[in-house]
2 protein chains.
Amino acid sequence: MKITIKDIANEAGVSIATVSKILNKKDDNISEKTRQKVLAIIKEKNYIPNTIARSLVTKQTKTIGLVIPDITNPFFPELVRGAEDCASACGYNIFFCNTDDKIEKEEKYINMLVEKMVDGIIFTQSANNNEGFNHLSQIKKPMVLIDRDVDIPNIKGKVLVDNFNGACEGVKYLIKSGYKKIAFISGPFSTKTSLDRLEGYKKALEENNLLFDKELVLEGEYKEEWGNKAIGILIRNKILFDAIFCANDIIALSAMKSLKEAGMRIPQDVAVLGYDDIYMAKLTDPALTTIRQPNYEMGYEAVKLLVEILENEKVENTLIRLNTELVIRQST
Amino acid sequence: MKITIKDIANEAGVSIATVSKILNKKDDNISEKTRQKVLAIIKEKNYIPNTIARSLVTKQTKTIGLVIPDITNPFFPELVRGAEDCASACGYNIFFCNTDDKIEKEEKYINMLVEKMVDGIIFTQSANNNEGFNHLSQIKKPMVLIDRDVDIPNIKGKVLVDNFNGACEGVKYLIKSGYKKIAFISGPFSTKTSLDRLEGYKKALEENNLLFDKELVLEGEYKEEWGNKAIGILIRNKILFDAIFCANDIIALSAMKSLKEAGMRIPQDVAVLGYDDIYMAKLTDPALTTIRQPNYEMGYEAVKLLVEILENEKVENTLIRLNTELVIRQST
DNA sequence: ATGAAAGCGCTAACAA
DNA sequence: TTGTTAGCGCTTTCAT
């Protein structure tokens with residue numbers, strides 16, 4: 001049988017109110033003697049307070065929902081880890097949800113989260129849908145957006161990455177290393193992320209007086225297969241290039257594979273620059289030069305921000321923009 | 001202001017009991033007319049029941065704790081994804097925890113989970129500690145163990161992988177392909193997992209009348225660096241080998257890197273066999289032959305089993321052993 | 001310094 | 001067929 005605050009009170013010969021006060025450190029005017037006695041009994045009986053009951057009255061669950069597309073995508077584990085670490089440090093627990101970029105799933109999970117009375121939600125918007133936010137707009141829970149920038153009405157904060165400068169810096173490095181015909185194997189232009197990187201790419205060319213050639217820009221998906229396909233297109237269309245800048249590391253890896261299969265040497269014949277710096281980037285052959293996204297920090301900062309919003313109203317509508325870092329390895 | 005069951009009852013001109021019954025589909029003897037009316041109002045008011053309040057009385061939260069070492073380790077995302085998918089399908093939510101193989105963290109999280117009143121816990125035991133289960137033994141929540149086999153008193157079920165046969169099959173394949181001096185770059189022998197694989201390795205040798213040479217077995221950690229180190233040891237000690245069987249894919253990748261740096265060609269000079277089949281295995285160069293662990297299924301089956309235990313007492317003490325699958329690629 | 005009591009939103013036995 | 005009521009375990013106000 002589960003032991004409750006009442007059992008403790010009985011055992012100690014005090015009221016449950018007293019026990020509750022001690023439990024919540026609102027024990028300014030509780031005699032040290034009873035405090036010690038109660039504490040001792042709590043320990044002895046191995047009493048664990050029932051958070052559910054507490055939540056019912058305090059209206060907060062110390063729980064936050066984390067909604068991402070897919071933990072299986074190497075981009076997310078670090079982010080999730082960062083979020084979890086911060087949550088744990090702040091005394092929060094995390095409900096974890098994968099939406100697969102599907103609106104129905106988003107909707108279902110958001111509902112579940114609201115039912116479970118989470119205090120707030122961390123949300124990574126699906127890549128696809130820039131329309132149907134109706135379901136999201138209705139939610140009154142504080143939300144902070146992460147990684148992908150979209151305009152949803154009731155957002156309380158955003159944690160984004162400076163994709164423009166990240167891409168720009170990376171491409172500049174490529175140029176400085178002597179590469180001139182740099183292909184950009186991009187993600188979908190329906191995302192701000194891809195658009196920003198494209199701008200960064202253009203800026204780098206411009207600053208170095210290189211002409212922007214739209215043949216060198218290929219729009220695709222943030223998926224492994226796209227790297228392979230893109231190289232196919234480039235080669236088939238006999239487009240000349242001496243370097244490729246990939247929208248993420250998975251694409252870069254699969255592109256590297258295709259490049260090798262086509263008999264090109266990396267980085268002698270063509271340089272490869274990735275984006276993200278996933279775990280595997282350092283283990284590839286050659287090790288991948290890439291623009292590191294601070295994924296762990298992103299997750300961490302997002303819940304930090306959310307907790308701040310939750311615990312002291314003021315900080316609403318904050319935008320945190322994190323910087324990338326160029327990690328130079330052997331593929332360039 | 002949050003809208004409650006009372007508001008619905010008022011609006012509909014019925015009692016809260018009636019609304020509750022309809023909500024819980026215990027509406028056998030509620031007239032279709034009131035049912036419709038109430039349902040309509042629920043919809044109109046966009047009423048979302050408060051699960052917290054419900055849990056307080058029903059004593060179940062429809063919530064499961066998932067405790068793993070580290071989501072950042074490529075082994076876990078698929079497992080977590082499987083767990084989450086099944087949970088979601090069964091109407092459960094998942095609290096997600098990373099312990100970093102640290103006992104204190106395990107303890108802290110388990111406590112948090114109990115406080116949050118999870119219905120059950122899915123647990124991957126830390127690699128290191130075969131001692132201090134005191135904290136775990138005290139927990140009365142149903143627990144199912146996953147991946148790593150240890151004997152903890154109050155476990156209600158286990159989902160494991162058949163490491164013996166997995167390793168055996170893999171090594172046999174290596175032998176059949178003509179490799180004779182197969183090094184085993186193992187994980188720590190403090191884990192049953194590693195021990196089982198070692199036995200499988202031995203069995204395969206034996207069945208093919210090859211002598212077991214303990215110089216070819218190196219015990220280390222399930223960490224990337226170990227692959228690199230192990231190759232170093234092998235080479236430094238001038239131990240001859242024409243194939244390596246690695247305890248997991250990360251080790252295999254880092255070993256492949258070292259091998260190449262030492263000027264050996266894969267698979268001509270030395271074959272590399274991994275274990276796990278992580279996402280990246282197919283993207284390496286050459287693509288890695290590996291023994292696929294059914295990680296997704298493992299996670300999925302674990303929560304399925306837990307839910308069964310939770311919802312109909314009978315199935316206690318079940319052991320589910322999943323099979324591996326040899327995935328042949330270009331590294332052998 | 002301590003306790004009585006109301007109430008959080010809901011379910012479930014029992015009454016009507 | 002529907003409603004009344006007693007909790008679930010806790011916090012918090014207000015007395016004492």
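Lettering of chains follows the sequences in order, A, B, ..., and the numbering in each one begins at 1. The figures here come from the full heavy-atom set of this structure, side chains too, leaving out hydrogens, waters and symmetry mates.
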Original post:
If only side-chain N and O atoms of B:Ser31 are considered, is one of them under 4.0 Å from the OP1 or OP2 phosphate oxygen of D:dT2?
Top reply: yes

Subject >> A:Lys116 vs B:Thr63 side-chain heavy atoms within contact, under 4.5 Å >> reply: yes

**OP:** Please check if the side chain of A:Ser88 supplies one atom and the backbone of A:Glu84 the other of a donor-acceptor pair under 3.5 Å.
**Re:** no

**OP:** Give a yes or no answer on whether the side chain of A:Asn73 reaches the backbone of A:Phe75 with a donor-acceptor pair at less than 3.5 Å.
**Re:** yes

Original post:
Given atom CG of A:Asp28 and atom P of D:dT12, what is their separation to the nearest angstrom?
Top reply: 13 Å

Original post:
Between D:dG3 and B:Thr18, is there an OP1 or OP2 to side-chain N/O distance shorter than 4.0 Å?
Top reply: yes

Original post:
Just to confirm, is there a sub-4.0 Å distance from OP1 or OP2 of D:dT11 to any side-chain nitrogen or oxygen of A:Asn24?
Top reply: yes

Original post:
Given atom CD of A:Gln60 and atom P of D:dT11, what is their separation to the nearest angstrom?
Top reply: 12 Å

Subject >> Between C1' of C:dC10 and CG of B:Leu23, the distance in whole Å >> reply: 9 Å

Original post:
Under 4.0 Å between a side-chain N or O of A:Lys59 and OP1 or OP2 of C:dC8?
Top reply: no

**OP:** Show the numbers, then the answer: is there a salt bridge (Lys or Arg N to Asp or Glu O under 4.0 Å) between A:Lys158 and A:Asp147?
**Re:** CA-CA 8 Å; A:Lys158 293 181 179 177; A:Asp147 182 42; over 6 Å; no

Original post:
How close or far is atom P of C:dA12 from atom CD1 of B:Ile5, stated in whole angstroms?
Top reply: 11 Å

**OP:** Give one of base, sugar-phosphate or nothing for A:Thr34, where a contact means two heavy atoms less than 4.0 Å apart.
**Re:** sugar-phosphate

**OP:** Hey, could you give me the CG/CD distance between A:Asn323 and A:Gln293, rounded to the nearest 0.5 Å?
**Re:** 11.5 Å

Original post:
Picking from C:dG9, D:dT11, D:dT2, which would you name as closest to the side chain of A:Leu56?
Top reply: C:dG9

Original post:
B:Lys21 NZ to C:dA13 C1': how many Å, rounded?
Top reply: 10 Å

Original post:
Within the structure, does a side-chain N or O atom of A:Ser55 lie under 4.0 Å from either OP1 or OP2 of D:dC10?
Top reply: no

Original post:
Given that B:Val57 and B:Ile30 both sit by DNA chain D, which one's nearest nucleotide is further toward the 5' end?
Top reply: B:Ile30

**OP:** Looking only at side-chain atoms of B:Ala17, point me to the closest of D:dG3, D:dT2, C:dT11.
**Re:** D:dG3

Original post:
For A:Ser55 and B:Ile52, which heavy atoms make the closest approach, and how far apart are they?
Top reply: CB-CG2, 4.1 Å

Subject >> Any B:Tyr47 side-chain N or O less than 4.0 Å from OP1/OP2 of C:dG9 >> reply: no

Original post:
OP1, OP2 of C:dT11 versus side-chain N and O of B:Lys26: anything below 4.0 Å?
Top reply: no

Subject >> Gap between atoms CD and P, on B:Glu115 and D:dG9 respectively (whole Å) >> reply: 16 Å

Original post:
Quick one: is C:dG3 close enough that its OP1 or OP2 comes under 4.0 Å of any side-chain N or O from A:Ser15?
Top reply: yes

**OP:** Report which part of the nucleic acid B:Asn50 touches: base, sugar-phosphate, or nothing (heavy-atom distance under 4.0 Å, all strands).
**Re:** sugar-phosphate

Subject >> Rounded interatomic separation in angstrom, taking CD1 from A:Ile16 and P from C:dA4 >> reply: 9 Å

Original post:
Can you check the B:Ile8 CD1 to C:dC10 C1' distance for me, whole Å?
Top reply: 13 Å

